[in-house]
Amino acid sequence: MKENIMEILGPLKTENPSSLILPRKNSCCSSPAPVSDAPSSCGSGEDAPSWTRGLHQSPVGPLLIVSNALTFIDLFHHFRARTSAYRMNLAVKPGLYASGNPVAESDVLVTANYKLSLDALRKNISGLDAWILVLDTAGINVWCAAGKGTFGTDELVKRISLAGLDKCVKHRRIIVPQLGAPGVSSGDVKRRTGFTVYFGPVEAADIKKYISQGYRADDRMRKVKFGVMDRLILTPMELNSIIRKLPWYLLFVMVFSGLTTEGVLFGKALTLGCPLTVAALAAIISGALITPVLLPLVPFRSFAVKGWIWGAASMAGLYFFTDIFIGLENVMLAAVMICFPLLSSYLALQFTGATTFTNISGVRREMRFALPVYIAGLAVSSVLLIIYKTMELINS
Amino acid sequence: MKYISSKITLEFMADSCTGCGRCVEVCPHGVFAMEGDRAVLKARDRCMECGACARNCDYGALKVNAGVGCASAIITGMIRGTEPSCDCGSSGTACCG
């Protein structure tokens, strides 16, 4: 990941030139305490990241000041992160940063070294003088990293000590996002560092209010929401990954449909290929888009069942309201009706990982039921395809 | 929205609870509430087994088999013969954003 950081380092944005104390090319090496324990990349001409705006002179040396406004570059990162594996490149350097002009009494806010996490934090704390401690989570967001343990007690303890936090602040409070709690034991952090963990609100947008209320979060701030927009924004990732596999499916469909004793015929390939392609696309949209977006609409709790219902509905829709399946042999129609609702179900099941409320015991339970059904469905569909092709080749 | 709750592994040993309120604070689904000087399970069926409460209970009053409720992580684990793993990429980095 370290190399990848270089790719996102843009030119220094000099919103506040007066705060520039050191020349930019030397921003990290002239500091006695670099912002992380990573090998210094000085000499390679590392520029300050585009989302910083100068340096803050702290008791542990100059620290990068984060900008509190998002730029077009940041929004472009967000777009790419939501649609492709590009998010893997969005790691920022772990360590201590400044927001505004933090002093010894200023609060310490902890986050992950995933750029979207840091962006969410910095844009919501404009006007607040605070220290930002970025943990090394390998570029993963706070909640996921907490689940894996990389946003965890050990890493937090290590960063507190590496950053020399006790020299920067007189108090002993650190504000950790509530969603970091699966990885961070507040008791252990206190015992090992003397710092008291204050679990902040779920949303970075509530941090200022949380602090102004005397480090108290309302019940509302403590709960994770998962509204229709939250769900929608997560769908392109799954759609993208499955659509990448589509060319292989199309190739299979064309060869299978066009296969005759005379070789593969293009005309024949289209007659059967079209309905099979439309059906597959409908199943993908049902499982990876409609099911997630309309998640509460189907009353069943199982994602596999929700996805199957939307998949079956879309196949029924194609059958009754379009003529795309007209001309399909019954054997082929049966294969379509078995296979594609199950594909939709499978894709819906994958969405469990993107949600905020599924529990692993429940996912295990529905998988124990669903996986054998998928395998059986695939086997039956394959047999039907073989029967279909054999009959066709014999009759020709 | 509720998810399948019949297999949730969350256990609360009320006798060990000192009423510090940490679990109420860290739970993202309002599973706990304070009642008098102790915590109570208010909505156990909303538990997502993230493990935040158990990790932050200094008195051992909470137990849960924590994990991420993610089908692909479980499948990846099955294929590799390991525990469920979010590492879908060979680089060992994220699949979850």
Side-chain angles (χ1 to χ4, degrees), chain A residues 1 81-82 85 87-88 90-91 114 116 138-141 143-148 153 178-187 197 199 202 217 219 222-224 226 234 237 295-296 301-304 346 349-367 370-371, chain B residues 1-10 20 22-33 43-60 64-78 83-89 91-97:
Chain A
M1 293 306 290
R82 292 296 184 189
R87 59 193 157 157
M88 312 254 184
L90 288 177
Y114 179 46
L116 266 63
I140 302 195
N141 72 72
W143 207 9
C144 281
K148 291 155 159 283
T153 309
Q178 184 190 332
L179 294 185
V184 173
S185 161
S186 46
V197 171
F199 284 112
V202 166
D219 285 354
R222 290 263 172 243
K223 283 199 183 159
V224 168
F226 199 45
L234 294 166
M237 186 67 71
L295 205 57
R301 292 185 183 189
S302 156
F303 280 52
Y346 175 78
L349 189 57
Q350 299 300 304
F351 193 69
T352 49
T355 66
T356 59
F357 64 99
T358 55
N359 60 73
I360 191 168
S361 304
V363 177
R364 278 210 176 93
R365 182 181 141 68
E366 66 170 318
M367 282 179 67
L371 284 186
Chain B
M1 268 175 290
K2 283 187 185 174
Y3 188 58
I4 300 165
S5 56
S6 56
K7 301 284 174 185
I8 292 171
T9 54
L10 177 66
C20 73
R22 267 293 196 208
C23 53
V24 183
E25 189 178 296
V26 297
C27 177
H29 290 291
V31 168
F32 305 95
R44 187 175 179 277
D45 60 344
R46 289 193 178 272
C47 174
M48 59 174 291
E49 302 184 315
C50 70
C53 55
R55 184 168 303 272
N56 281 282
C57 180
D58 256 0
Y59 310 96
V64 62
N65 291 336
V68 178
C70 170
S72 18
I74 297 172
I75 293 173
T76 309
M78 280 173 163
E83 283 296 297
S85 163
C86 293
D87 301 328
C88 356
S91 55
T93 53
C95 72
C96 31

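A note on names: the letters A, B, ... follow the listed sequences, proteins ahead of strands, and every chain is numbered from 1. Reckoned from all heavy atoms, side chains included, excluding hydrogens, waters and symmetry mates. Predicted model, so just to flag it, every value in this text is computed and none were measured.
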Side-chain donor or acceptor of B:Glu49 paired with backbone N/O of A:Asn359 under 3.5 Å: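 Side chain of B:Glu49 to backbone of A:Asn359: no pair is present.
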Side chain A:Gln178, main chain B:Cys27, donor-acceptor under 3.5 Å: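 It does hold such a pair.
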Side chain to side chain contact (heavy atoms under 4.5 Å, CB included) evaluation trace for B:Ile4 with A:Ser302: CA-CA 7 Å; B:Ile4 300 165; A:Ser302 156; 4.1 Å; yes
Heavy-atom closest pair, residues B:Cys50 and A:Pro182: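 Looking at all heavy atoms of both residues, the shortest contact is O-CB, 3.3 Å.
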Atom of A:Thr358, atom of B:Gly69 and distance for their closest heavy-atom approach: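 Nearest heavy atoms, A:Thr358 then B:Gly69: OG1-O, 2.8 Å.
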Segment of B:Cys47 engaging chain A (4.5 angstrom heavy-atom cut-off):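 It is the backbone, since no side chain atom gets that close.
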Under 4.5 Å from a heavy atom of chain A, the part of B:Ser6 involved: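 Side chain only.
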A:Leu234 versus chain B, the contacting section by heavy-atom distance below 4.5 Å: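 Neither part; nothing is under 4.5 Å.
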Engaged part of A:Arg222 at the chain B interface, taking heavy atoms whose separation is under 4.5 Å: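 Its backbone and side chain both get close to chain B.
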If you tally heavy-atom pairs under 4.5 Å against chain B, which of [options] wins?
options                                : result
A:Ala146, A:Pro296, A:Gly147, A:Gly187 : A:Pro296
A:Arg365, A:Arg301, A:Lys223           : A:Arg301
A:Val202, A:Thr356, A:Leu371           : A:Thr356
A:Asp219, A:Leu295, A:Val184, A:Leu179 : A:Val184

Atom OH of A:Tyr346 with >12 non-hydrogen neighbours under 6.0 angstrom: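 Open: at most 12 neighbouring heavy atoms sit under 6.0 Å from OH of A:Tyr346.
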Spacing of A:Phe226 atom CZ and B:Met1 atom CE [to the nearest 0.5 Å]: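 Taking CZ in A:Phe226 and CE in B:Met1, the distance rounds to 6.5 Å.
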Separation of A:Glu366 CD from B:Lys7 NZ (nearest 0.5 Å):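 Going from NZ on B:Lys7 over to CD on A:Glu366, the span is 13.0 Å.
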Verdict with reasoning, A:Thr355 to B:Tyr3, per side chain to side chain contact (heavy atoms under 4.5 Å, CB included): CA-CA 10 Å; A:Thr355 66; B:Tyr3 188 58; over 6 Å; no
